[in-house]
2 protein chains.
Amino acid sequence: MDKLLLANQVCFPLYALSRQVTALYRPLLEKLDLTYPQYLVLLLLWETDRVSVSDIGDRLLLDSGTLTPLLKRMEQKGLISRTRNPADERQVTIQLTESGRALQEQALNVPTDLQASLNLGNEPLIALRVQLQTLLDQISVIK
Amino acid sequence: MDKLLLANQVCFPLYALSRQVTALYRPLLEKLDLTYPQYLVLLLLWETDRVSVSDIGDRLLLDSGTLTPLLKRMEQKGLISRTRNPADERQVTIQLTESGRALQEQALNVPTDLQASLNLGNEPLIALRVQLQTLLDQISVIK
DNA sequence: GGTTATTATATTGTACACAATTTAATTGTA
DNA sequence: TACAATTAAATTGTGTACAATATAATAACC
């Protein structure tokens with residue numbers, strides 16, 4: 001087998017599928033004036049409000065170079081607040097605004113709508129998620 | 001099940017894994033002074049030389065807004081040439097230079113090295129590739 | 001207590017990624 | 001053959017990504 005053939009790469013379909021799925025999210029998230037990474041930050045905050053920038057980075061595997069400008073844009077849109085932690089002035093606490101919290105209701109149908117556009121049954125979808133998550137955990141441990 | 005929980009998203013592990021795998025490629029490709037998308041273009045050209053920008057876009061699912069500057073950088077590095085197609089001056093033909101062709105030899109061990117760092121057997125890797133490719137084909141058909 | 005090391009975020013610079021628009025060449029058609 | 005429609009790249013503008021560095025605050029240590 002020619003390992004340099006594009007068709008024989010695992011990583012290409014991973015890279016391409018990731019972008020294509022993000023593209024499926026785009027029309028759904030545009031209605032909420034959100035990008036996909038911004039939506040991920042909100043998913044996280046709707047679960048656990050009041051977290052530091054590095055907490056978000058740990059969960060989403062993104063660094064401050066990505067998050068700082070992204071969070072500033074979300075602050076501009078009035079979705080979150082960014083305040084220095086008085087107990088440790090190095091840390092910035094990210095907190096939902098009322099408007100950011102309220103957006104959850106409008107996002108409720110996003111996962112279902114997306115799954116519909118994926119055209120994949122529920123079981124194979126869960127199986128894929130577990131498989132990807134397992135590989136992701138494996139890689140993260142190594143690093 | 002709460003569909004808005006980060007842990008219940010399929011798309012997040014897809015997004016995160018794609019970036020993590022690209023990060024695994026980085027040290028391998030740095031030796032060749034390549035980024036991952038540039039490496040993909042070379043994989044394609046090593047298979048089929050002399051293609052148009054839109055041919056590359058069709059294969060890699062990237063548009064001219066991404067490819068034009070990327071290909072210009074590859075031209076700067078002396079890996080490819082960009083020439084207008086005399087038969088149709090709208091098209092730009094991308095062709096490997098001798099240097100670009102020669103780089104293939106140095107890249108021969110990249111797939112093997114990467115697979116080693118993925119720490120995943122050959123069969124599950126192929127299974128994952130087929131699964132991702134199937135889903136990718138499905139989505140691309142829809143669009 | 002002053003100095004050094006560490007930590008958290010911000011900044012800078014480079015490289016994608018993609019929507020929207022522009023430019024130039026080709027095709028289709030009256 | 002003119003002229004509108006289409007097509008292929010390029011350009012513009014916005015938003016990630018991430019390496020490398022800078023800045024400021026805290027912790028560790030003498």
Side-chain angles (χ1 to χ4, degrees), chain A residues 11-12 15-27 29-30 32-42 51-58 60-77 79-80 82-94 143, chain B residues 11-12 15-27 29-30 32-41 51-58 60-77 79-94 143:
Chain A
C11 309
F12 171 64
Y15 160 78
L17 183 60
S18 173
R19 288 185 296 109
Q20 294 302 299
V21 169
T22 301
L24 289 180
Y25 270 103
R26 203 162 292 124
L29 295 180
E30 236 161 36
L32 312 184
D33 188 28
L34 291 175
T35 65
Y36 182 64
Q38 291 170 10
Y39 171 67
L40 291 178
V41 169
L42 285 180
V51 293
S52 70
V53 173
S54 55
D55 288 338
I56 297 176
D58 291 344
L60 303 186
L61 304 176
L62 293 169
D63 73 0
S64 72
T66 303
L67 287 175
T68 297
L70 187 155
L71 293 170
K72 282 185 178 173
R73 281 187 286 271
M74 292 181 76
E75 186 185 34
Q76 288 297 311
K77 289 197 263 201
L79 298 173
I80 60 165
R82 298 165 62 251
T83 48
R84 292 274 161 190
N85 182 348
D88 183 344
E89 290 277 346
R90 290 171 304 180
Q91 293 188 14
V92 170
T93 301
I94 305 299
K143 298 187 82 170
Chain B
C11 309
F12 171 63
Y15 160 78
L17 183 59
S18 173
R19 287 184 297 110
Q20 294 302 299
V21 169
T22 301
L24 290 180
Y25 270 102
R26 204 162 289 125
L29 295 180
E30 238 161 34
L32 312 184
D33 187 28
L34 291 175
T35 64
Y36 182 64
Q38 290 170 13
Y39 171 67
L40 291 178
V41 169
V51 293
S52 68
V53 173
S54 55
D55 288 338
I56 298 176
D58 290 344
L60 303 186
L61 305 177
L62 293 169
D63 72 1
S64 70
T66 302
L67 287 174
T68 296
L70 187 155
L71 293 170
K72 283 185 179 173
R73 281 187 286 271
M74 293 181 74
E75 186 185 34
Q76 288 296 312
K77 290 196 264 200
L79 299 173
I80 60 165
S81 65
R82 299 164 62 251
T83 48
R84 291 274 162 190
N85 182 348
D88 184 343
E89 291 277 346
R90 290 171 305 179
Q91 293 187 13
V92 169
T93 302
I94 305 298
K143 297 188 80 170

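In what follows, chains are A, B, ... by sequence order, proteins preceding strands, each numbered from 1. All figures in this text were calculated on a predicted structure; none of them were measured in a lab.
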So what does B:D63 hit on the nucleic acid, given a heavy-atom distance under 4.0 Å: a base, only sugar-phosphate, or nothing?
base
When rounded to whole Å, the OH to C1' distance for the pair B:Y25 and C:dA15 reads 18 Å
Could you state the atom-to-atom distance from CG of A:L29 to P of C:dC18 in whole Å?
15 Å
Should the ring pair B:Y36 and A:Y15 be called parallel, tilted or perpendicular, given that the plane angle runs from 0 to 90° and is split at 30 and 60?
perpendicular
Ignoring hydrogens and angles, answer whether the base of C:dT9 and the side-chain atoms of A:R90 contain a donor-acceptor pair closer than 3.5 Å.
no
Between B:L70 and A:S54, which residue's closest nucleotide on DNA chain C lies nearer the 5′ terminus?
A:S54
Classify B:S52 by what it touches in the nucleic acid, base, sugar-phosphate, or nothing, heavy-atom distance under 4.0 Å.
sugar-phosphate
Minimum-distance nucleotide (side-chain atoms of A:T68 versus D:dT16, C:dT11, D:dA9)
C:dT11
Would you indicate what B:T66 reaches in the nucleic acid, counting non-hydrogen atoms under 4.0 angstrom: base, sugar-phosphate, or nothing?
base
Worked verdict on A:R84 versus A:E89 for salt bridge (charged side-chain N to carboxylate O under 4.0 Å, His left out):
CA-CA 5 Å; A:R84 292 274 161 190; A:E89 290 277 346; 5.4 Å; no
Just so I know, are the side chains of A:K77 and A:Q38 near enough to count as touching, which here means a heavy-atom distance under 4.5 Å?
yes
Between D:dT7 atom C1' and B:D58 atom CG, what is the distance in whole Å?
13 Å
Which atom names give the shortest non-hydrogen contact between B:L60 and A:R19, and what distance separates them?
O-NH2, 2.8 Å
Any side-chain heavy-atom pair from B:S52 and B:T93 closer than 4.5 angstrom?
no
Should B:R84 be listed as having a side-chain N or O under 4.0 Å from OP1 or OP2 of C:dA25?
no
Between the base of C:dA8 and the side chain of A:S64, is there any donor-acceptor pair under 3.5 Å?
no
Closest-nucleotide mapping onto DNA chain D: is A:G65 or B:Q91 further toward the 5' terminus? I mean the 5' end.
B:Q91
So which nucleotide from D:dA19, C:dA10, C:dA25 ends up closest to the side chain of A:V92?
C:dA10
For a quick test of reading the model: is some side-chain N or O of B:Y15 closer than 4.0 Å to OP1 or OP2 of D:dA17?
yes
Is the distance from OP1 or OP2 of D:dT16 to the nearest side-chain N or O of A:R73 less than 4.0 Å?
yes
Could a donor-acceptor pair under 3.5 angstrom be found where the side chain of B:T35 meets the base of C:dA15?
no
Can you tell me how far P of D:dA17 sits from CG of A:L67, to the nearest Å?
10 Å
Heavy-atom side-chain contact between B:V53 and B:Q91 under 4.5 Å:
no
Euclidean distance, atom CD1 of residue B:I80 to atom P of D:dA9 [Å, nearest integer]
13 Å
Between C1' on C:dA10 and CG on A:L71, what's the gap in Å once rounded to a whole number?
12 Å
The answer to which of A:P37 and A:E89 contacts DNA chain D further toward the 5' end, by nearest nucleotide, is A:P37
A:K72 NZ to D:dT14 P, straight-line distance once rounded to whole Å
17 Å
Please give, in whole Å, the distance from C:dT14 P to B:L34 CG?
18 Å
For the side chain of A:L62, starting at C-beta, report the closest nucleotide among D:dC18, C:dA8, D:dA8.
D:dC18
